[in-house]
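Any value given below was found using the heavy atoms of this structure, including those in side chains, with hydrogens, waters and symmetry copies removed.
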Amino acid sequence: ANSLGAEDMVITDLIAKFNVNITLFSLDTGRLPADTYTLMQETGKKYPTHPIKVYFPSTEETEQFVANNGINAFYDSVELRKECCAIRKIRPLKRALADKKAWITGLRREQSPTRTDLGDTEYDDGNGLWKFNPLIEWTEKEVWEYIRANNIPYNALHDKHYPSIGCAPCTRAISIGEDVRAGRWWWENPETKECGLHIKK
């Protein structure tokens with residue numbers, strides 16, 4: 001699962017470098033920043049042997065949500081934000097994983113309070129398969145040392161103080177000293193800052 005964040009670019013590089021037969025996929029929510037699409041294109045050119053399959057949300061569901069609630073309804077409540085994430089991310093993820101036996105993520109323990117108890121291998125009850133988090137113990141410093149040492153493309157927003165990047169309207173730059181995921185759903189409490197892709201059932 002490549003969200004085109006720094007960690008996922010490290011894993012993509014390792015998969016391609018060792019020519020491992022692992023399919024790469026990404027979720028295009030329809031609200032991604034322009035820099036994320038630029039990186040998606042660059043990644044395809046850099047790793048032609050491992051193209052990224054892109055999954056999109058249901059047009060009908062997305063149109064209905066916007067018609068019922070407004071284009072930026074996710075700011076109005078945690079419930080509406082989670083429904084938006086369900087339509088744009090969780091349901092496309094289920095389609096991406098439908099015929100798979102396992103999936104790999106770039107989750108790291110130090111990223112947020114909601115990820116401190118994650119293991120390097122877990123059974124994902126919600127999707128009915130195994131989930132591997134090979135970078136779970138890596139520090140942010142180690143991630144960036146690998147990226148620079150191996151000349152890996154990365155999202156230009158990282159250089160503008162965006163350590164964690166999601167949909168454009170739900171992501172902002174952070175200030176010095178803030179938590180690395182403080183810019184995600186910044187109007188919510190830290191305990192609710194997950195979209196549902198990595199919630200334990």
* Is any side-chain heavy atom of Met40 closer than 4.5 Å to a side-chain heavy atom of Val54? -> yes

* To do: Give, for atom CH2 of Trp103 and atom OG1 of Thr105, the distance between the pair rounded to the nearest 0.5 Å.
  => 6.0 Å

* So, the side chain of Asp124 versus the backbone of Lys131: is there a donor-acceptor pair under 3.5 Å, distance only? -> no

* Taking all non-hydrogen atoms of both residues, which atom of Cys170 and which atom of Trp186 are closest, and how far apart? -> C-CZ3, 3.6 Å

* Same apolar cluster: Trp187 and Ile174, side chain cutoff 4.5 Å -> no

* Polar contact flag, side-chain donor to acceptor under 3.5 angstrom, Asn2-Thr12 -> yes

* **Over all atoms of both residues, closest heavy-atom pair of Leu39 and Asn155** => CD2-N, 3.4 Å

* Write down the atom of Lys94, the atom of Gly126, and the distance for their closest heavy-atom approach. => NZ-O, 2.9 Å

* To do: Locate the shortest heavy-atom distance separating Leu4 from Ser26; write the atom from each residue and the value.
  => CD1-OG, 4.1 Å

* Set of side chain to side chain contact (heavy atoms under 4.5 Å, CB included) partners for Lys17, sequence neighbours left out -> Asp13, Tyr146, Asn150

* Structure fact -> Contacts of Lys141 meeting side chain to side chain contact (heavy atoms under 4.5 Å, CB included) (sequence neighbours excluded), chain-then-number -> Thr139, Glu145

* Structure fact -> Sorted by chain and residue number, the salt bridge (Lys or Arg N to Asp or Glu O under 4.0 Å) partners of Glu178 (sequence neighbours excluded) come out as Arg172

* May I ask you to test the Arg184-Arg181 pair for a side-chain heavy-atom distance under 4.5 Å? => yes

* To do: Compute whether any side-chain donor of one residue and acceptor of the other, for Asn133 and Thr121, lie under 3.5 angstrom apart.
  => no

* At what distance, to the nearest 0.5 angstrom, does OG1 of Thr23 lie from CD1 of Ile104? -> 10.0 Å

* To do: Look up atom CD in Glu122 and atom CG in Leu129, then write down how far apart they are to the nearest 0.5 Å.
  => 12.0 Å

* Structure fact -> With sequence neighbours left out, the residues meeting salt bridge (Lys or Arg N to Asp or Glu O under 4.0 Å) with Glu137 are Arg109

* Applying ring-ring contact (aromatic ring centres under 6.0 Å, His included), name anything that partners His158, two or more places apart in sequence or on another chain. => Trp144

* Asked: With a cut-off of 6.0 Å (strictly less than), are more than 12 heavy atoms of other residues, nucleotides or ligands near CG of Asn21?
  -> no

* Would you say Lys100's side chain and Ala96's backbone share a donor-acceptor pair under 3.5 angstrom? -> yes

* **Note, Leu118 side chain near Ile136 side chain (heavy atom, < 4.5 Å)** => yes

* side chain to side chain contact (heavy atoms under 4.5 Å, CB included) partners of Thr29, counting only residues at least two apart -> Arg31, Leu32, Arg88, Lys89, Cys167

* Structure fact -> For Lys160, the side chain to side chain contact (heavy atoms under 4.5 Å, CB included) test, sequence neighbours excluded, returns Asp35, Leu157, Tyr162

* Partner set under ring-ring contact (aromatic ring centres under 6.0 Å, His included) for Phe132, not counting sequence neighbours -> none

* Please list, chain by chain and in numerical order, all residues satisfying salt bridge (Lys or Arg N to Asp or Glu O under 4.0 Å) with Glu61, sequence neighbours excluded. => Arg91

* Taking only residues two or more places apart in sequence, or in another chain, which ones meet Trp130 in a ring-ring contact (aromatic ring centres under 6.0 Å, His included)? -> Tyr123

* Asked: Are side-chain heavy atoms of Tyr154 and Asp8 found at a separation under 4.5 Å?
  -> no

* Asked: Which residues pass the side-chain hydrogen bond (donor to acceptor under 3.5 Å, both in side chains) test with Arg95, sequence neighbours left out?
  -> none

* Could you tell me which residues satisfy ring-ring contact (aromatic ring centres under 6.0 Å, His included) with Phe56, sequence neighbours excluded, listed by chain and number? => none

* **Minimum heavy-atom distance between Phe65 and Leu80, given as atom pair plus value** => CZ-O, 3.6 Å

* Please report the closest heavy-atom contact between Pro33 and Ala168, naming both atoms and the distance. => CD-N, 3.9 Å

* Asked: Just how far is it from atom CG of Leu135 to atom CG of Leu14, taken to the nearest 0.5 Å?
  -> 7.5 Å

* Please round to the nearest 0.5 Å and tell me the distance separating atom SG of Cys85 and atom CG of Leu27. => 11.0 Å

* So do the side chains of Trp185 and Thr171 get within less than 4.5 Å of each other, counting heavy atoms only? -> no

* Asked: OG1 of Thr49 to CG of Leu24: how many Å apart, nearest 0.5 Å?
  -> 8.5 Å

* Asked: Applying the salt bridge (charged side-chain N to carboxylate O under 4.0 Å, His left out) test to Arg108, which of Glu7, Glu142, Glu140 qualifies?
  -> Glu7

